[in-house]
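These numbers come from a predicted model, not from an experiment.
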Amino acid sequence: MPEPTPLSLEGAVRDAYLRYYDTAYWLRDGRLRDERRELLVQDGVVFTEPLVEPVLPYEPGPSIAETCTAAGLSPEVASELASVVFRADTAFRLHHHQAEALCASVSPIAQRRNVAVASGTGSGKTESFLLPVLARLLEESHQHGPAPAVNRWWQDQARGAWEPARPDGGRPAALRALVLYPTNALVEDQISRLRRAVARAPRRGGGPPMTFGRYTGDTLGSGELPRRVRDQAVQRVARELRAMEADLDAMADPVEEIVTQFPDPREGELLTRWDMIVRPPDILVTNYSMLNVVLMREREQPMLERTAKWLAADEANTFTLIVDELHTYRGTQGSEVALVVRNLLRRLGLRPESPQLRCIATSASLDGDHVQEFLQQFFGVPGETFHITAGRPREVPPARPLSTSERARLLADPTSISVDALAAAACRDEHGQIRATRLSTVAARLAKDGSAELEGPFVDAVARPAPGTDPIPFRSHHFIRMIRGVWACCNPACDQVPLPAAEEPRRTVGRLHSNPVARCRCGSRVLELLYCYQCGDVSLGGFALQPDDEPPSDDEWYLSSLPSSPRAAERPVFARAWGDQYMWYWPGACPRDASWQHGTHGFRFAPASLDPRTGVLARTGRDDATGTMLAAPRVEDGRVPALPGRCPRCGASGSNRQLGLFYRGVVRSPIRAHTTGAARVSQIVLDRVVRSIGATPEEGRTIVFTDSRDDAAGPAAGVELNHFRDLVRQLA
């Protein structure tokens with residue numbers, strides 16, 4: 001299988017998407033199908049040209065052994081830290097920003113004890129705060145006795161009183177670090193990393209070397225603290241914890257990458273709010289919304305009080321506050337989170353200038369002349385105490401076009417020349433920043449004459465570098481829109497039709513449009529293009545506009561592709577109300593005796609005329625009609641759907657037996673809009689991406705994520721169902 005490139009992936013996804021669309025949204029009129037295809041392939045309608053972005057490698061810095069010595073950590077801690085974070089020995093070399101973060105945060109005498117890491121994506125920013133946090137915990141574990149075993153209260157059903165999972169003994173229970181994330185998706189990723197770290201850490205005694213917990217709205221154990229194990233709420237949680245243990249024990253060949261995706265209550269992860277409130281974990285991972293709730297509720301106060309008591313007991317005890325993706329906290333939201341941070345520090349008894357407080361911020365977008373001021377305003381600590389590091393990415397040479405000989409070699413054999421450095425330089429913007437850049441722009445900057453013939457060879461050269469080289473890797477960005485509809489000029493005689501019109505059959509709509517516009521260039525109204533799922537015949541739909549000073553009419557409507565309000569546009573076409581919101585029009589002769597019932601109300605197709613210039617749809621007699629509309633009754637305490645439940649051409653109909661749903665304005669109809677669903681589009685793109693980027697499951701591994709759990713729920717289930725149906729179709 002040839003190596004995938006941005007161009008090959010773009011072509012594969014585009015071809016699959018359009019073939020699906022042409023099939024699922026089939027139109028009887030071949031000219032309309034061809035014109036629609038030409039419309040959708042235009043740049044920016046569904047697809048955009050791929051962007052390429054150089055991922056500049058960061059130069060290796062000092063080893064872990066050297067960094068830990070500079071930070072005042074023992075060789076034993078250095079050895080354990082290398083194993084826990086990197087699964088390596090102390091000769092492992094850190095990036096410069098990682099080493100600087102470890103030294104600045106751990107050193108007890110550092111003047112710049114707080115850290116802001118502003119390196120690029122994929123540069124190891126997470127390790128920049130994991131290293132100092134875990135180094136402190138490992139060092140502390142050497143100073144205390146063996147860690148006691150986890151109290152598995154969920155397994156001992158004979159118990160009377162409930163006791164938390166983290167028992168007394170060993171290190172005092174308190175929050176050593178709090179990691180603040182903007183979204184729960186990032187929280188989940190961090191928890192997996194902590195599971196790996198704890199699994200690799202050496203055990204001293206029967207218990208885990210450190211504890212951690214995720215405190216979000218999804219965390220088990222809501223409500224008041226339990227008193228007895230046999231309480232009903234406790235038993236529900238106990239069953240879930242036992243199921244987690246059983247799932248892990250059932251794994252035949254556990255692999256670290258897979259195992260750490262699942263919680264294990266036996267390995268230092270506190271999985272209930274009750275456990276974390278009574279005996280706080282060493283590391284708490286949460287989001288700012290939940291942290292604000294914790295600070296307001298009385299129930300969580302023991303967690304804060306234990307931490308404050310631990311800090312007051314010894315000046316050497318340190319609390320680390322970590323804020324990831326700091327750039328997301330700007331404006332009003334940033335001010336609110338900054339107040340939450342100040343409230344937290346006040347509750348812990350930490351002054352802004354206290355050496356017991358260590359702040360670590362990470363962001364790939366933290367730059368400019370006012371970074372220190374921003375950090376001071378957010379954390380409330382003096383700006384001069386921050387050590388700001390952006391790491392040391394590989395140097396990129398000045399931009400220049402390829403020489404004549406280089407260009408000839410590239411065109412002859414893309415693998416014979418290394419162009420990654422020049423291509424990275426071609427991704428500089430006017431401010432000198434390396435950014436994602438259109439593929440054609442990079443090729444034009446590499447070519448003296450701006451020729452586009454270098455796009456393919458350049459991509460091949462980057463995707464298949466010459467053996468023995470250390471090339472700069474590139475990331476490609478592909479943008480695909482869900483199709484939100486197709487619109488058409490309502491004038492069949494439109495003079496803007498781009499494809500030549502045949503004599504027969506007569507065209508029923510004018511030029512197609514990819515966006516809802518008020519008028520076509522011919523001067524006629526543009527309306528939404530609808531089609532019949534069964535026969536492919538086209539019809540039109542428009543938002544019904546009524547003058548404010550006129551009562552609602554049942555005989556005449558002004559139609560527009562633009563809604564009168566944003567709320568009207570939010571409803572899908574099958575849930576828009578007849579008359580007041582939306583009207584349907586078919587540019588065909590009205591069928592005779594075409595009437596039907598929904599409950600006690602009668603519906604029928606009626607002759608109608610549509611004025612292309614004004615967009616006025618009116619009931620008429622058969623002699624004056626230009627097409628057909630839906631004639632529907634007014635219903636008290638209800639809404640009638642705007643679309644007919646059947647097609648006037650082929651007679652296909654939908655099942656509308658649920659009258660309660662129907663009279664809320666929702667209809668099952670073969671008449672549909674040209675809108676695609678998130679689940680189907682995701683499944684098509686996923687299928688093609690996995691097939692294109694690798695021949696094995698490991699090569700084709702793909703991660704799909706969204707910041708919204710609600711947005712993810714529907715497509716996640718839909719993708720799985722669609723994939724299953726496709727497999728059944730292929731087998732059948």
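In this structure, the separation between CG on Leu610 and CG on Leu559 is 6.0 Å, given to the nearest 0.5 Å. Here the NE2-CG distance, from His513 to Leu39, works out to 9.0 Å after rounding to the nearest 0.5 Å. Atom OG1 of Thr676 is separated from atom OH of Tyr25 by 5.5 Å, given to the nearest 0.5 angstrom. The distance from atom CG of Leu529 to atom OG of Ser561, rounded to the nearest 0.5 Å, is 12.0 Å. Atoms OG and CD, from Ser514 and Glu38 in turn, are 13.0 Å apart once rounded to the nearest 0.5 Å. The CD atom of Glu528 lies 11.0 Å from the CG atom of Leu562; values are rounded to the nearest 0.5 Å.
Put simply, the side chain of Arg672 never gets that close to the backbone of Phe574: no donor and acceptor are under 3.5 Å apart. Formation of a donor-acceptor pair under 3.5 Å by the Asp429 side chain with backbone atoms of Gln433 is found in this model. Side-chain atoms of Arg519 come within 3.5 Å of backbone atoms of Gly523 as a donor-acceptor pair (strictly under, hydrogens ignored). With Thr48 contributing its side chain and Gly44 its backbone, the two residues share no donor-acceptor pair below 3.5 Å. At distances below 3.5 Å, not a single donor-acceptor pair connects side-chain atoms of Ser8 with backbone N or O atoms of Pro6. With hydrogens and angles disregarded, no donor-acceptor distance shorter than 3.5 Å links the side chain of Arg604 to the backbone of Ala631.
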CA sep, side-chain torsions, deciding dist, call: Val728, Arg725, side chain to side chain contact (heavy atoms under 4.5 Å, CB included) = CA-CA 5 Å; Val728 171; Arg725 286 172 171 169; 5.7 Å; no

Side chain to side chain contact (heavy atoms under 4.5 Å, CB included) evaluation trace for Trp586 with Thr508 = CA-CA 9 Å; Trp586 179 53; Thr508 57; over 6 Å; no

Could you go through the side chain to side chain contact (heavy atoms under 4.5 Å, CB included) check for Leu530 and Val573 one step at a time?
-> CA-CA 9 Å; Leu530 309 176; Val573 66; 4.2 Å; yes

Using the side chain to side chain contact (heavy atoms under 4.5 Å, CB included) rule, take Val41 and Val45 through it: C-alpha gap first, then chi angles, then the decisive distance, then the call.
-> CA-CA 7 Å; Val41 298; Val45 176; over 6 Å; no

Intermediate values then yes/no, side-chain hydrogen bond (donor to acceptor under 3.5 Å, both in side chains), Tyr585 and Thr626 | CA-CA 10 Å; Tyr585 169 78; Thr626 61; 2.8 Å; yes

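Note on Asp22 versus Arg36: salt bridge recorded, some NZ/NE/NH1/NH2 to OD/OE distance being below 4.0 Å. Salt bridge present: Asp580 and Arg634 bring a charged side-chain N and a carboxylate O closer than 4.0 Å. Using a 4.0 Å cut-off between charged nitrogen and carboxylate oxygen, Asp29 and Arg31 count as a salt-bridge pair. For the pair Asp726 and Arg680, the salt-bridge criterion is met [side-chain N within less than 4.0 Å of a carboxylate O]. A salt bridge is absent between Arg688 and Glu10; no separation between the charged side-chain nitrogens and carboxylate oxygens falls under 4.0 Å. Taking 4.0 Å as the cut-off between side-chain N and carboxylate O, Arg507 and Glu35 count as a salt-bridged pair.
The shortest non-hydrogen separation linking Leu40 to Phe47 is O-CD1, 4.4 Å. Annotation for Thr628 and Cys590: closest pair OG1-CA, 3.0 Å, computed over non-hydrogen atoms. Residue His477 comes nearest to Ala436 through the heavy atom pair CD2-CB, 3.9 Å, listed as atom of the first residue, atom of the second, then distance. What you find for Gln496 and Cys522 is that their closest heavy atoms are CG-N, 3.7 Å. Nearest heavy-atom pair, Val442 versus Ala426, reported as atom, atom and distance to 0.1 Å: CG1-CB, 4.0 Å. For the pair Ala625 and Thr620, the tightest heavy-atom approach, listed with the atom from each and the gap, is CA-OG1, 3.5 Å.
Among pairs with a residue in residues 479-489, none fulfils salt bridge (charged side-chain N to carboxylate O under 4.0 Å, His left out), at least two apart in sequence or across chains. Listed by first then second residue, pairs satisfying ring-ring contact (aromatic ring centres under 6.0 Å, His included) with a partner in residues 613-640 number zero, not counting sequence neighbours. Each salt bridge (charged side-chain N to carboxylate O under 4.0 Å, His left out) pair with one or both residues in residues 618-631, not counting sequence neighbours, appears once here: Asp555-Arg619.
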Compile the donor-acceptor pairs under 3.5 Å between side chains in residues 643-663 and protein atoms, sequence neighbours left out, one pair per line.
from   : atom 1 : to     : atom 2 : distance (Å)
Asn656 : OD1    : Arg668 : N      : 2.7
Asn656 : ND2    : Gly654 : O      : 3.3
Asn656 : ND2    : Arg668 : O      : 2.9
Tyr663 : OH     : His598 : O      : 2.5
Tyr663 : OH     : His601 : ND1    : 3.0

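In this structure, the side chains of Leu51 and Leu439 stay at 4.5 Å or more apart for every pair of heavy atoms. Ser560 places a side-chain heavy atom less than 4.5 Å from the side chain of Arg525. Contact check for Gln190 versus Arg214: no side-chain heavy atoms found under the 4.5 Å cut-off. Counting heavy atoms from C-beta outward, Glu53 and Phe474 have side chains that stay 4.5 Å or more apart. Looking at heavy atoms from C-beta onward, Arg37 lies in side-chain contact with Leu18 at the 4.5 angstrom threshold. In this structure, the side chains of Trp26 and Arg28 come closer than 4.5 Å at one or more pairs of heavy atoms. Contact of the Val616 side chain with the Trp557 side chain is not registered, since no non-hydrogen atoms from C-beta on lie closer than 4.5 Å. At least one side-chain heavy atom of Leu9 sits less than 4.5 Å from a side-chain heavy atom of His478.
Ring-centre distance between Phe605 and Trp584: below the 6.0 Å cut-off.
For Ser440 and Glu49, the side-chain atoms include at least one donor-acceptor pair closer than 3.5 Å. Residues Glu325 and Tyr181 have side chains that never bring a donor and an acceptor to within less than 3.5 angstrom of each other. No hydrogens or angles considered: nothing links the side chains of Glu336 and Asn292 as a donor-acceptor pair under 3.5 Å.
Between Tyr17 and Tyr20, the ring-plane angle classifies as perpendicular under the 30° and 60° cut-offs. Between His674 and Tyr531, the two ring planes are tilted [angle within 30° to 60°].
Every residue two or more places apart in sequence or in another chain that forms a ring-ring contact (aromatic ring centres under 6.0 Å, His included) with Tyr582 is listed here: Phe543. Partners of Tyr329 according to the ring-ring contact (aromatic ring centres under 6.0 Å, His included) rule, which considers only residues two or more places apart in sequence or in another chain, are Tyr288, Phe378.
Other residues, nucleotides and ligands contribute more than 12 heavy atoms inside 6.0 Å of the CZ atom of Arg14.
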